[in-house]
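One structure is given here, and the rest of the page talks about it.
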Amino acid sequence: MPLHSQISAYFLAKISSGAWPPGMRLAPQRELCRLLGVNRSTVVTALGQLTALGLIEGRRGGGTRVADGRSTIRTAAGSNAVMNPADSGRAGNWNDYVEEGIHYPNLPTVQDINRLEYEPGLIRLGTGEPSPELLPGAAMNRVLAELSELRLPPLSYEEPLGNPGLRAAVSRKLAMIGIMADPSSILITSGALQGLQLIALGLLPRGSAILLEKPSYLYSIHAFQSAGVKFSGLPMDSRGLVPEHLAAEAVRSKAAMLYSIPSFHNPTGILMDAERRLELMQVTGSLGLPILEDGAYQELWLDNPPPLPLKALDRDGRVLHLGTLSKAASPGLRIGWIVGPEPVVRRLADIKMQSDYGASSLSQLAAARWLEGGYHEEHLQVLRGRLRQRRDLVLELLQLHCAGLATWNVPAGGFYIWLSLLRPAPPRKLFTAALRAGLLLNTGDLYDRGDSGHLRLSYAYASPAELERGIVLLAELIR
Ligand code: PMP
């Protein structure tokens, strides 16, 4: 079959099965060429055939869409596909539904990144997870082998707070960073992200506000906004969140909580120093303001261990603390935790039971074994060394290639370097130009909507060779 007929037959199958409902917009021609690996004329011919069959239609300003009216049609491949006009899809236009629903969609750039991360060949300069070669595949295989010797694998649901053995292991792990939490104060979640979702849904009334650092990871997801919670961003300096205007802002915005990533902040890499942590605890204490501390990067220090977490300074149960195995051991395991007062974690566990009945019991058991067997600490030692090398490499490359174009911080841990462009660049334009050059970027606007002067660089994902090529290309692009 000629290529264009293969393509129109493929589209036809999608349309006639209902996978592509009436009104659904097709990707632009240039994108189709890229996705299908064919040239423009092939795509134009295929689309022409489908238009002639009345299956798709061009709309001025609206791109090409699956046509609304459908009847008996002859397929491009020559066979007949009979469609009943009665089930032509008019009754339920999914394109209307997908715009509804209470959860906001991701930002278009985030949607693009989530999709493009799985395309081979792109250099991922901003990805916030360890590259597969930094993940502990061999050690995890040993854990899984140990589990396979159990009498029976865990195939049932776990209790609402999560597997007791895992909670005990997390409790011991937290004690090492000064957080004294009984297993009864720990809720196992499907990653720290689910912790954020549960808190947004379970603890905060619609119309309330949270204070947070600006920029912040939290701006790049819509867990809180979808729950009707507003954001009030506070400035940061090199020592972390600046508490100066916190009290006034808390009163003005009627804030219900403060969200902070004190250790190796995403996206800036900033480490809040011990004095600032105390100050923050005092200011919020006098306001009676609860804190949500995101400790996702806490253990990924590269030079010296960070100061005690806010939760370790908490004497009145005012701080909720989030942790995760994603950043060091395995993002795919989907294991995180929330530490907080028992009524709070029980409330969140109750919502979790209504949303997924618990994180995968296989994952929970593997995570328990991983922590209990000492694998995690052993892996962290190796990981820190390798991340340190990568950080130093990127700093060297930036010095070589970006010196007159941008400034940057030297992170003491985590994954990120926050690149400040000396001249602002429209983020979407930079993102698309980078993509054409084979680079996937995380632009600053994902973490602060109005930002057009930053990029979040990550030394955790791209290989050293890719980082070398990537930074040279990036410098050219910025220039
Ligand atoms: N918090 C922060 C600050 C993060 O950077 C991330 C991952 N990008 C998460 C939470 C969520 O991670 P996970 O759900 O994989 O634990």
Side-chain angles (χ1 to χ4, degrees), residues 106-107 109-110 113-114 117 124 126-132 134-135 162 166 170 173 186-200 210 212-224 231 233 236 240-241 257-272 291-301 306 309-311 320-339 348 352 355-356 358-360 363-364 366-367 370-371 376 387 411 413-418 440 442 444 446-448 456-461:
N106 266 316
L107 296 169
T109 303
V110 173
I113 291 174
N114 287 343
E117 282 185 339
R124 293 162 57 170
T127 297
E129 63 181 285
S131 88
L134 295 181
L135 294 176
L166 176 56
V170 170
K173 176 170 161 46
I186 297 172
L187 165 65
I188 302 300
T189 55
S190 297
L193 179 58
Q194 191 187 38
L196 296 170
Q197 295 276 7
L198 295 174
I199 289 164
I210 54 172
L212 75 171
E213 288 124 358
K214 187 176 172 138
S216 174
Y217 164 68
L218 217 54
Y219 282 96
S220 73
I221 56 168
H222 289 145
F224 285 86
F231 281 180
M236 301 178 79
L241 186 145
M257 193 176 275
L258 164 74
Y259 169 84
S260 175
I261 314 168
S263 294
F264 319 122
H265 178 257
N266 179 0
T268 64
I270 290 171
L271 173 65
M272 189 185 291
I291 297 180
L292 173 52
E293 174 181 44
D294 191 332
Y297 301 90
Q298 173 82 25
E299 61 190 356
L300 285 174
W301 52 269
L310 301 173
K311 182 70 193 159
L320 307 180
H321 178 91
L322 297 182
T324 177
L325 283 186
S326 289
K327 301 297 167 183
S330 167
L333 213 53
R334 306 311 299 136
I335 294 293
W337 47 89
I338 303 174
V339 185
L348 300 176
K352 184 163 163 57
S355 53
D356 67 0
S360 151
S363 278
Q364 293 193 63
W370 173 255
L371 293 174
H376 191 68
L387 283 175
F415 295 163
Y416 308 117
I417 294 175
W418 188 233
L440 196 54
N442 287 51
L446 306 182
Y447 311 100
D448 171 4
R456 185 187 83 174
L457 295 183
S458 160
Y459 41 84
Y461 196 85

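Hydrogens, waters and symmetry mates play no part in the numbers below; they use all other heavy atoms, side chains included. Keep in mind that what you see is a predicted model, and the values were worked out from it rather than measured. Indexing begins at 1, ligand by ligand and atom by atom, following the structure's order.
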Donor-acceptor side-chain pairing of Asp448 and Tyr219 below 3.5 angstrom: no
Polar side chain donor-acceptor pair, Glu213 to Ser260, under 3.5 angstrom: yes
Ring geometry between Phe231 and Phe224 (parallel below 30°, tilted from 30 to 60°, perpendicular above 60°): tilted
Distance (rounded to the nearest 0.5 Å) between Gln197 CD and Ser355 OG: 9.0 Å
Result of checking Gln298, Glu293, Lys311 against His321 for side chain to side chain donor-acceptor pair (under 3.5 Å): Glu293
Between ligand 1 and the protein, which N/O pairs are shorter than 3.5 Å?
{"from": "ligand 1", "atom 1": "1 (N)", "to": "Asp294", "atom 2": "OD1", "distance (Å)": "3.4"}
{"from": "ligand 1", "atom 1": "1 (N)", "to": "Asp294", "atom 2": "OD2", "distance (Å)": "2.6"}
{"from": "ligand 1", "atom 1": "5 (O)", "to": "Asn266", "atom 2": "ND2", "distance (Å)": "2.8"}
{"from": "ligand 1", "atom 1": "5 (O)", "to": "Tyr297", "atom 2": "OH", "distance (Å)": "2.6"}
{"from": "ligand 1", "atom 1": "8 (N)", "to": "Lys327", "atom 2": "NZ", "distance (Å)": "3.0"}
{"from": "ligand 1", "atom 1": "14 (O)", "to": "Ala192", "atom 2": "N", "distance (Å)": "3.2"}
{"from": "ligand 1", "atom 1": "14 (O)", "to": "Leu193", "atom 2": "N", "distance (Å)": "2.9"}
{"from": "ligand 1", "atom 1": "14 (O)", "to": "Arg334", "atom 2": "NH2", "distance (Å)": "2.9"}
{"from": "ligand 1", "atom 1": "15 (O)", "to": "Ser326", "atom 2": "OG", "distance (Å)": "2.6"}
{"from": "ligand 1", "atom 1": "15 (O)", "to": "Arg334", "atom 2": "NH1", "distance (Å)": "2.8"}
{"from": "ligand 1", "atom 1": "16 (O)", "to": "Ala192", "atom 2": "N", "distance (Å)": "2.7"}
{"from": "ligand 1", "atom 1": "16 (O)", "to": "Thr324", "atom 2": "OG1", "distance (Å)": "2.6"}
{"from": "ligand 1", "atom 1": "16 (O)", "to": "Ser326", "atom 2": "OG", "distance (Å)": "3.2"}

Candidate list Tyr459, Tyr297, Tyr217, test side chain to side chain donor-acceptor pair (under 3.5 Å), partner Tyr416, passing option: Tyr297
